[in-house]
Q: 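So that we are looking at the same thing, I have put the structure below in structure tokens.
No hydrogens, no waters, no symmetry mates; every other heavy atom, side chains included, goes into these values. Order of the sequence lines sets the chain letters (A, B, ...), proteins ahead of strands, with each chain counted from 1. All of these numbers come straight from a predicted model, not from anything done at the bench.
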Amino acid sequence: MNEREIKSFFSGELLQWYKQAKRDLPWRRSRDPYHIWVSEIMLQQTRVDTVIPYFTRFMAKFPTVTALAEAPEEEVIKAWEGLGYYSRARNLQAAAREIAENHGGRLPDDKSVVAGLKGVGPYTSGAILSIAFGRPEPAVDGNVMRVLSRYFCIDEDIAKPATRIGMEGLARELIPEGEASDFNQALMELGALICTPKSPSCLPCPVMAHCQGRLAGRETELPVKSKAKPPRPEHRLAALLQDAEGRVLVRQRPESGLLARMWELPHVAAPERGVWDSASEGSALLAASMHAEGLAGVRAESLRHVADAEHVFTHLHWHLRVLGAGGGQGRDAEAAVAAEAVVAAAAAEAAAEDQAGYRINASASLPTGYRWIDAADFERLAWPNVFSKLLSAHFSGTLYEIAPKR
DNA sequence: AAGCCGGGGCT
DNA sequence: AGCCCAGGCTT
């Protein structure tokens with residue numbers, strides 16, 4: 001078989017396989033470009049099984065481009081809570097506003113418009129144009145690069161942008177006339193169901209007979225991919241502070257950057273691991289930090305170790321130690337903390353006010369971005385997973401289950 | 001080209 | 001507990 005025949009065998013067999021093997025997914029029940037678009041944004045870096053419930057809820061809440069464009073941003077972020085990469089949600093809404101404003105609320109069959117949308121790169125552009133409009137554009141994601149690397153025995157590093165460009169050229173050639181939608185989905189479906197990353201199921205694979213990687217016995221060593229740098233560790237001290245009514249002090253993150261505009265417990269980075277490990281030094285640091293933020297009344301000696309939590313990002317690994325005070329929460333995972341009187345001035349004021357350890361005068365204003373929340377507020381605001389879990393446990397009275405062992 | 005952006009599944 | 005997976009944007 002020559003190169004041309006190997007390619008046409010691949011396209012023909014794959015397409016035929018897909019037509020009988022394709023999964024019934026919510027976004028495959030519609031040809032509405034808006035549905036395809038939302039699903040493709042959610043599917044960036046995210047598995048099908050994770051996306052399904054989010055997609056269903058999202059479409060019920062924001063059924064049209066216009067509905068999404070007109071929604072308050074916090075509602076969109078809340079609907080995205082737990083999916084990660086929150087800039088996807090902000091970009092999606094910004095693009096929806098662009099479509100509502102300049103294209104009558106309908107995604108146009110126009111490559112330059114689609115490719116120019118916020119949050120739409122080469123992969124997503126190709127996916128929308130082919131799936132929603134049948135245009136013969138390649139849609140090369142990680143699945144497709146894995147499948148093509150193996151079938152054509154390509155050992156270029158798929159982490160390099162130049163490799164993706166090359167794969168797009170190849171994928172474009174492979175699209176059968178008039179079948180771009182099914183063919184592109186077939187390529188990804190094969191990667192998801194058969195040609196999987198770890199141990200590919202070659203026997204039921206519709207194109208095994210001419211898979212160059214398999215014929216060379218190299219299917220498990222392909223694709224070649226250079227490794228990412230490990231996330232850098234950060235040890236952080238977080239405060240779980242309550243007022244007399246049991247409300248919890250939280251703050252909103254900055255407009256841009258990591259976890260932009262989401263809510264969290266106040267926390268501060270420990271300059272070194274030793275400070276984080278030491279109950280007295282950690283408490284003193286956290287109290288001093290809160291005081292510097294304008295929160296008079298935190299006394300280091302009243303802070304107790306209530307939980308540890310981890311949060312791993314692609315480039316960052318947070319080790320969170322949660323120190324708590326106030327409210328009626330009597331359980332103590334750790335012995336009472338004896339710290340230096342770092343905030344002595346504030347302590348004197350606070351001691352008169354509240355023996356439980358922390359209290360903000362009702363008339364005193366909180367620093368910008370801070371507020372007290374109750375369980376109902378918690379349900380409405382959007383949190384990164386780690387704080388969602390901690391606060392959910394706190395409000396349901398089960399925080400001790402994720403508290404440190406000792 | 002390299003770093004910045006979350007989260008979950010598998011072994 | 002440590003491994004792997006995976007697009008787009010910004011600098």
Side-chain angles (χ1 to χ4, degrees), chain A residues 37-54 77-95 114-128 137-149 156-165 167-168 171 184 187-188 191-193 195-201 220-234 253-264 308-320 382-389 405:
Chain A
W37 175 26
V38 171
S39 72
E40 289 300 339
I41 298 295
M42 287 187 172
L43 287 163
Q44 291 169 2
Q45 314 299 94
T46 313
R47 292 174 152 75
V48 165
D49 288 346
T50 304
V51 166
I52 290 172
Y54 281 91
I77 302 292
K78 184 67 186 175
W80 210 269
E81 185 184 279
L83 258 188
Y85 289 106
Y86 300 95
S87 67
R88 292 185 295 173
R90 294 192 299 272
N91 287 336
L92 177 62
Q93 191 182 30
V114 171
L117 259 18
K118 276 194 175 166
V120 174
Y123 162 73
T124 308
S125 166
I128 294 171
E137 295 289 333
V140 175
D141 70 351
N143 287 305
V144 174
M145 288 201 281
R146 186 171 59 253
V147 169
L148 296 181
S149 293
E156 289 169 56
D157 183 353
I158 65 166
K160 299 231 180 300
T163 305
R164 200 208 73 237
I165 306 282
M167 297 268 181
E168 283 172 350
N184 283 350
L187 219 31
M188 295 186 271
L193 300 180
C195 198
T196 52
K198 296 294 275 183
S199 49
S201 311
T220 55
E221 62 188 71
L222 294 171
V224 172
K225 186 180 183 184
S226 53
K227 287 209 200 325
K229 279 175 42 177
R232 87 176 167 274
E234 271 187 11
R253 295 186 57 87
E255 289 294 302
S256 61
L258 184 69
L259 302 169
R261 277 167 272 184
M262 298 186 82
W263 293 82
E264 65 181 6
D308 282 340
E310 303 281 316
H311 201 48
V312 183
F313 305 85
T314 308
H315 59 299
L316 217 51
H317 186 156
W318 282 353
H319 299 268
L320 289 178
W383 312 85
N385 261 8
V386 65
F387 295 111
S388 175
K389 285 177 184 161
K405 312 284 184 290

Q: Among B/dA1, B/dG7, C/dG8, find the nucleotide with the atom closest to the side chain of A/Pro161.
A: B/dA1
Q: If you look at every strand shown and take non-hydrogen atoms under 4.0 Å, does A/Val312 touch a base, only sugar-phosphate, or nothing?
A: base
Q: So A/Leu43, base contact, sugar-phosphate only, or nothing? Heavy-atom distance under 4.0 Å.
A: nothing
Q: Send over the distance from A/Asn91 CG to B/dC4 C1', rounded to a whole Å.
A: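 In whole Å, B/dC4 C1' and A/Asn91 CG are 13 Å from each other.
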Q: Looking only at side-chain N and O atoms, does A/Thr124 come under 4.0 Å of OP1 or OP2 in C/dG8?
A: yes
Q: Between atom CG in A/Leu222 and atom P in C/dC5, what is the gap in whole Å?
A: 13 Å
Q: Look at the side-chain N and O atoms of A/Asn143 and state whether any lies under 4.0 Å from the OP1 or OP2 oxygen of C/dC5.
A: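 Checking C/dC5 against A/Asn143, no side-chain N or O comes under 4.0 Å of OP1 or OP2.
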Q: Just the rounded figure in Å: distance from C1' of B/dA2 to CZ of A/Arg164.
A: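 Going from CZ in A/Arg164 over to C1' in B/dA2 covers 16 Å.
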Q: When all nucleic acid strands are considered with a 4.0 Å heavy-atom cut-off, which category describes A/Thr46: base, sugar-phosphate, or nothing?
A: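 Since a base atom lies under 4.0 Å of A/Thr46, the category is base.
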Q: In this structure, how many angstroms lie between the P atom of C/dC5 and the NZ atom of A/Lys229, rounded?
A: 19 Å
Q: For the side chain of A/Arg232, counting heavy atoms from C-beta on, which of B/dC5, C/dG8, B/dC4 is nearest?
A: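 The closest nucleotide is B/dC4.
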Q: With nearest nucleotide decided by heavy atoms, which residue, A/Arg47 or A/Tyr123, maps closer to the 5′ end of DNA chain C?
A: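 First, find each residue's nearest nucleotide; the 5'-ward one identifies A/Arg47.
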